[in-house]
K.L.:
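Quick one: the structure is below, and I'll ask about it shortly.
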There are 2 protein chains.
Amino acid sequence: MTPSFAELKQNLKAKNINLSFQRLKVLEYLVNNRCHPSVEQIFSDLLKELPTLSKTTVYNTLRILTETGLVRSMTIDDNETRYDINTKNHGHFKCNSCHTIYDFYVDIDNFCSDDLKNFKIENKNVYFMGICPRCLTNKE
Amino acid sequence: MTPSFAELKQNLKAKNINLSFQRLKVLEYLVNNRCHPSVEQIFSDLLKELPTLSKTTVYNTLRILTETGLVRSMTIDDNETRYDINTKNHGHFKCNSCHTIYDFYVDIDNFCSDDLKNFKIENKNVYFMGICPRCLTNKE
DNA sequence: TCCGGTAGCTGTAATCATTACAAGTTTGCA
DNA sequence: TGCAAACTTGTAATGATTACAGCTACCGGA
Ligand SMILES: [Mn+2]
Ligand SMILES: [Mn+2]
Ligand SMILES: [Zn+2]
Ligand SMILES: [Zn+2]
């Protein structure tokens, strides 16, 4: 379901994107951290391993990956873009208490109103907010 | 379907929110401009009528209105919050060409995945992106 | 092997939406 | 009228993102 490195590399090559060392590391991070990290998280975590990494490079890499469709970007509520290696259509739930972002399955494809009959839809987003089960039980 | 001033005033009173002159104007603007305006749009338009208006007041008013649930705020893609007087559940479509934001009907309420069985859902958002019919025909 | 060009990386400065804050103003009420 | 609380205003600070200029690494041809 989630793409392997080999597949990602193939995709990059197919789109004429050079896979530099830094880009590899960002991609690797997204594959290993499917928690919808922010630029700040990605950057500060990778900095431990790559002390010379620049935040600009992280931004540039994420822009390229998003433009070529290998990564999905989203802004859920707050003013910090989050990144997701899973580009399949799925919904997101953000807990207002612990701020975790959960994935959930949703049948977005069969989900089209008559109002949009003549629209060309390129992108579908569904996100909910509320309290997650963990936080609900902790409150009691 | 869309609330009248009288109703809005009632709601404000019920929540112990004082309806100052500036707040009235912001509310009025949102009722009359259902195009999901940004703070900048609201502020610069109202400035013509109220030369002493402060942008901080617009921000503060929108925060209060959002907190009390009279207005819905959203960030669709770009980094500018938009405001909507229509708080009923509905979907949004943003045209990537003319940047207009359209409303569309969507049955969000009957729209809940089993993955979220134990979650407390407080808020549901659906937004699509693509090209609107007007821009599609203009291209040809 | 050497060289030149280009893509990529880095660090800093600029931009822009939003928030914080302090001071002035209005409002409601005694 | 007079005071306190609520509002408004203008400016400064914050923080994410982008622009930009200089440096570096890599790659293909002589
Ligand atoms: Mn996801
Ligand atoms: Mn709307
Ligand atoms: Zn939680
Ligand atoms: Zn359009």
Side-chain angles (χ1 to χ4, degrees), chain A residues 9 12-29 36-68 70-84 94 99 101, chain B residues 9 12-29 36-68 70-84 94 99 101:
Chain A
K9 276 187 175 179
L12 282 169
K13 196 170 280 178
K15 309 213 176 184
N16 277 328
I17 308 295
N18 196 355
L19 187 59
S20 72
F21 182 64
Q22 289 86 346
R23 290 175 184 172
L24 174 72
K25 285 299 180 181
V26 170
L27 209 41
E28 199 176 85
Y29 187 90
H36 315 90
S38 65
V39 167
E40 182 56 37
Q41 286 174 264
I42 299 169
F43 173 68
S44 60
D45 281 353
L46 287 180
L47 203 59
K48 299 166 191 164
E49 204 182 339
L50 312 172
T52 68
L53 182 66
S54 162
K55 194 178 273 187
T56 300
T57 298
V58 178
Y59 274 106
N60 286 339
T61 300
L62 290 169
R63 183 173 40 73
I64 290 174
L65 295 176
T66 304
E67 279 172 8
T68 57
L70 291 188
V71 166
R72 159 185 292 226
S73 74
M74 54 186 158
T75 54
I76 300 192
D77 190 42
D78 51 13
N79 46 358
E80 220 184 11
T81 305
R82 305 298 202 92
Y83 296 88
D84 193 347
K94 180 179 179 187
H99 309 300
I101 295 177
Chain B
K9 276 187 173 179
L12 281 169
K13 197 171 279 179
K15 308 213 177 188
N16 278 326
I17 308 294
N18 198 353
L19 187 59
S20 72
F21 183 63
Q22 288 87 345
R23 290 175 184 172
L24 173 72
K25 285 299 180 182
V26 170
L27 211 40
E28 199 176 87
Y29 187 90
H36 314 90
S38 65
V39 167
E40 183 55 39
Q41 285 174 263
I42 299 169
F43 173 68
S44 59
D45 282 352
L46 287 181
L47 204 59
K48 299 166 192 163
E49 203 182 339
L50 311 172
T52 68
L53 182 66
S54 161
K55 194 178 272 188
T56 301
T57 298
V58 178
Y59 273 106
N60 286 339
T61 300
L62 290 169
R63 184 173 40 75
I64 290 174
L65 294 176
T66 304
E67 280 173 4
T68 56
L70 290 187
V71 165
R72 158 186 294 226
S73 75
M74 55 187 157
T75 55
I76 299 192
D77 191 41
D78 51 12
N79 44 1
E80 220 183 12
T81 305
R82 307 299 204 91
Y83 296 88
D84 193 346
K94 181 180 178 185
H99 308 301
I101 295 177

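Just so you know, these numbers use all the heavy atoms, side chains as well, and skip hydrogens, waters and symmetry mates.
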K.L.:
Could you state the CD1-P distance from A:Ile17 to C:dG8, rounded to the nearest angstrom?
P.N.:
8 Å
K.L.:
Walk me through whether A:Val39 and A:Thr81 qualify under side-chain contact (heavy atoms from CB on, under 4.5 Å).
P.N.:
CA-CA 7 Å; A:Val39 167; A:Thr81 305; 5.9 Å; no
K.L.:
Provide, to the nearest angstrom, the distance between the CZ atom belonging to A:Arg63 and the P atom belonging to D:dA16.
P.N.:
19 Å
K.L.:
Look at all strands and tell whether A:Thr57 reaches a base, only sugar-phosphate, or nothing, counting heavy atoms closer than 4.0 Å.
P.N.:
base
K.L.:
So which heavy atom on A:His36 is nearest to which on A:Arg82, and how close?
P.N.:
O-NH1, 2.6 Å
K.L.:
Categorize A:Ser38 for me: base, sugar-phosphate, or nothing, with a 4.0 angstrom heavy-atom threshold over every strand shown.
P.N.:
nothing
K.L.:
Side chains of B:Glu80 and B:Thr75: closer than 4.5 Å at any heavy-atom pair?
P.N.:
no
K.L.:
Report the residue (A:Lys55 or A:Asn79) whose heavy-atom-nearest nucleotide on DNA chain C is the more 5′ of the two.
P.N.:
A:Lys55
K.L.:
Using the closest heavy atom to pick a nucleotide of DNA chain D for each, name whichever of A:Tyr59 or B:Asn60 lands nearer the 5' end.
P.N.:
B:Asn60
K.L.:
Quick one: is B:Thr81 getting a side-chain N or O under 4.0 Å of the C:dA17 phosphate, OP1 or OP2?
P.N.:
no
K.L.:
Main chain of A:Asp84, side chain of A:Arg72: is a donor-acceptor contact present, judged purely on distance under 3.5 Å?
P.N.:
no
K.L.:
Which pair of heavy atoms, one from B:Ile64 and one from B:Arg23, lies closest together, and at what distance?
P.N.:
CD1-NH2, 3.5 Å
K.L.:
What N/O pairs connect the protein and nucleotides 24-29 of chain C at under 3.5 Å? Give each pair on its own line.
P.N.:
none

K.L.:
Quick check: closest heavy atoms across B:Leu53 and B:Gln22, and the distance to 0.1 Å?
P.N.:
CD1-CG, 3.9 Å
K.L.:
Mind calculating the distance between CZ (A:Arg82) and C1' (D:dT17) to the nearest angstrom?
P.N.:
16 Å
K.L.:
Provide, to the nearest angstrom, the distance between the CZ atom belonging to A:Phe43 and the P atom belonging to D:dG15.
P.N.:
16 Å
K.L.:
Could you state the CG-P distance from A:Leu19 to C:dA7, rounded to the nearest angstrom?
P.N.:
17 Å
K.L.:
In this structure, how many angstroms lie between the P atom of C:dT15 and the CD atom of B:Glu40, rounded?
P.N.:
16 Å
K.L.:
For a 4.5 angstrom cut-off between non-hydrogen side-chain atoms, does A:Leu65 reach A:Tyr83?
P.N.:
no
K.L.:
Within the pair A:Arg23 and C:dC9, is there a side-chain N or O less than 4.0 Å away from OP1 or OP2?
P.N.:
yes
K.L.:
Please state whether the phosphate of C:dG8, meaning OP1 or OP2, lies under 4.0 angstrom from any side-chain nitrogen or oxygen of A:Ser20.
P.N.:
no
K.L.:
Is B:Thr56 close enough to D:dG10 that one of its side-chain N or O atoms is under 4.0 Å from OP1 or OP2 there?
P.N.:
no
K.L.:
Within this structure, what is the NZ-to-P distance between B:Lys25 and D:dT9, rounded to whole angstrom?
P.N.:
13 Å
K.L.:
Taking CD from A:Glu80 and P from D:dT17, how many angstroms apart are they, rounded to a whole number?
P.N.:
6 Å
